[in-house]
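Within every chain, numbering begins at 1; the chains are lettered A, B, ... in the order of the sequence lines, protein sequences first and strands thereafter.
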2 protein chains.
Amino acid sequence: MELLNKVENVRGRKRGSKRDPDASKQLLIKATLDSIADIGVTETTVSCICERSGLSRGMIHLHFGGKDNLLTAAAQHFSAQYYSEMDKMTDLGSDASPEDRVMAVIEADLSEALLNPRSTKIWHAFRGIASSHPGIARYSSTQDQKLVETLRLAFKEIAQKNERDPNLVDDATAGTLALLEGMWVNYLTDMQGFSRRRSVDLIRRFLCGLFPEKFKL
Amino acid sequence: MELLNKVENVRGRKRGSKRDPDASKQLLIKATLDSIADIGVTETTVSCICERSGLSRGMIHLHFGGKDNLLTAAAQHFSAQYYSEMDKMTDLGSDASPEDRVMAVIEADLSEALLNPRSTKIWHAFRGIASSHPGIARYSSTQDQKLVETLRLAFKEIAQKNERDPNLVDDATAGTLALLEGMWVNYLTDMQGFSRRRSVDLIRRFLCGLFPEKFKL
DNA sequence: GTCACTAATGGACGATCGTCCATTAAATGT
DNA sequence: ACATTTAATGGACGATCGTCCATTAGTGAC
């Protein structure tokens, strides 16, 4: 019996135990996301998920009450993971300039940690079924309030006083997010020809047009 | 027997006849697209398609050889219809300025004819399954060569001589398409809060930043 | 060691999936 | 009018879907 396996996790269960409901849940969610990335949502069946997770068929109904809820939980987990990673990569010091904070968001969103084959396929798969699946729709929006506010606040600081255009801040925020969205689509469509650096530069160029004195090419 | 029903169509069949293979094909494709827009790809079964089209179950296998081929044909039809409509709306006189031609593409892409609830749902549904469905992937790319070239040519004319930045034209093209892509996502996510005019203005602002003397706010 | 608890198992179940084909019926050719 | 051709029908079919539950087995308390 290995010592490491006796370490208790948050819920008080033994890690590596043969009975760990939380670990099983995570295993099912991970298997679901992997399957979606590999073979698509349409082909992701409960049999397929069970096979990938190494767990038995009954587990989905036991832990999630059905496949649909598992799918929703997977979408939620995926979304949470994205924003957790985004937070980690944009946690600059509190004295960072708003320009740097904006660029940090852009570079994080286009980094390999967030933008990779697996995440892109999962992201677009969820979005594709979101409009007919209310539970998933809640987690398939880029308009995550926190991220939007981060950008809007930074742009407001950048625009500051001498700008009197009321739509400038909103346009900068919406435009940046829209461009990032488009970059993800480009990546999904043509991973070989995609360049992270050129994508960052393209968005920088957009910002350079809005705030010529703040962003430089 | 009505006279109008005797008019022959391109294939020599009688229009409105009880036996018109082409009409049946179109009916199946339309029913498929409608179903995808209404209830999503996942729920779009052959029974559902047959019910909507009013045709019998055997028709799909007869005309398309299977559900998968019908789905591909539907994606192709949808794509063709998009570009046909786009062509129609951007057919300015040959003396139109490149700026006008660019704006025509943008306004067409964001017009109600192209950007509406049905088309957005279908578009994103197809894109969501494209990465695991090679047949559909061919028709789920915005990077339609013709549209890309239209934009690139116009931007090249705009940039003309005094611009020496080698990436300017490419960035303008890619940026415009990426922004349009983002606008479609915004529309899908929040149809109520979406404004076509504001979206056009946002993209115009992007172009104004790249070509300050050519595009005006 | 025994008990109570519950995570986990895996097969049974009816429903529904997509495919296929024997049959029907409408249009055309002679 | 009859024969030929083929679009169209609709149910049969096996496979697979997701759900559910009787059972097994791991775990902590006593």
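- Taking atom CD1 on B:Ile49 and atom P on D:dA8, their separation rounds to 17 Å, with Å as the unit.
- Using a distance-only test at 3.5 Å, with no hydrogens or angles considered, a donor-acceptor pair links the side chain of A:Thr72 to the main chain of A:Asp68.
- Atom NZ of A:Lys25 and atom P of C:dT6 are 15 Å apart (whole Å).
- When rounded to the nearest whole Å, the span between NZ of A:Lys67 and C1' of C:dA15 equals 15 Å.
- Within the structure, every side-chain polar atom (N or O) of B:His61 is placed at least 4.0 Å from both OP1 and OP2 of C:dT19.
- Counting only distance, with no hydrogens or angles, the side chain of B:Thr32 and the backbone of B:Leu71 share no donor-acceptor pair below 3.5 Å.
- Distances were taken from every side-chain heavy atom of B:Thr45 (C-beta onward) to each of C:dC17, D:dT27, D:dA7; the shortest belongs to C:dC17.
- Closest to the B:Val46 side chain, of the nucleotides C:dG18, D:dT6, D:dT27, is C:dG18.
- Comparing B:Leu55 and A:Gly66, the nucleotide of DNA chain D nearest to each residue sits closer to the 5' end for B:Leu55.
- Here D:dG26 presents its C1' atom at 5 Å from CZ of A:Arg19, a figure rounded to the nearest Å.
- In this structure, the CG atom of B:Leu62 is 16 Å from the C1' atom of D:dG11, given to the nearest Å.
- Remark: P of D:dT16 and CD of A:Glu51 are 12 Å apart, rounded to the nearest angstrom.
- In this structure, CG of B:Asp68 is placed 10 Å from P of C:dG18, rounded to the nearest angstrom.
- Atom CE of A:Met59 and atom P of D:dC21 are 18 Å apart (whole Å).
- Proximity of A:Ser24 to the phosphate of C:dA8: a side-chain N or O atom is located under 4.0 Å from OP1 or OP2.
- Taking only side-chain nitrogens and oxygens, B:Ser56 never comes nearer than 4.0 Å to OP1 or OP2 of D:dA8.
- If you check distances only, the side chain of A:Arg57 does reach the base of D:dT19 with a donor-acceptor pair under 3.5 Å.
- Looking at heavy-atom distances under 4.0 Å, A:Ile60 makes no contact with the nucleic acid at all.
- Regarding contacts with the backbone of D:dC17, a side-chain N or O of A:Ser47 is found under 4.0 angstrom from either OP1 or OP2.
- The pair A:Arg118-A:Asp34 meets the salt-bridge criterion, since a charged nitrogen lies less than 4.0 angstrom from a carboxylate oxygen.
- Between A:Phe215 and A:Phe155, the two ring planes are tilted [angle within 30° to 60°].
- B:Arg101 places no side-chain N or O within donor-acceptor distance of the main-chain N or O of B:Leu153, the cut-off being under 3.5 Å.
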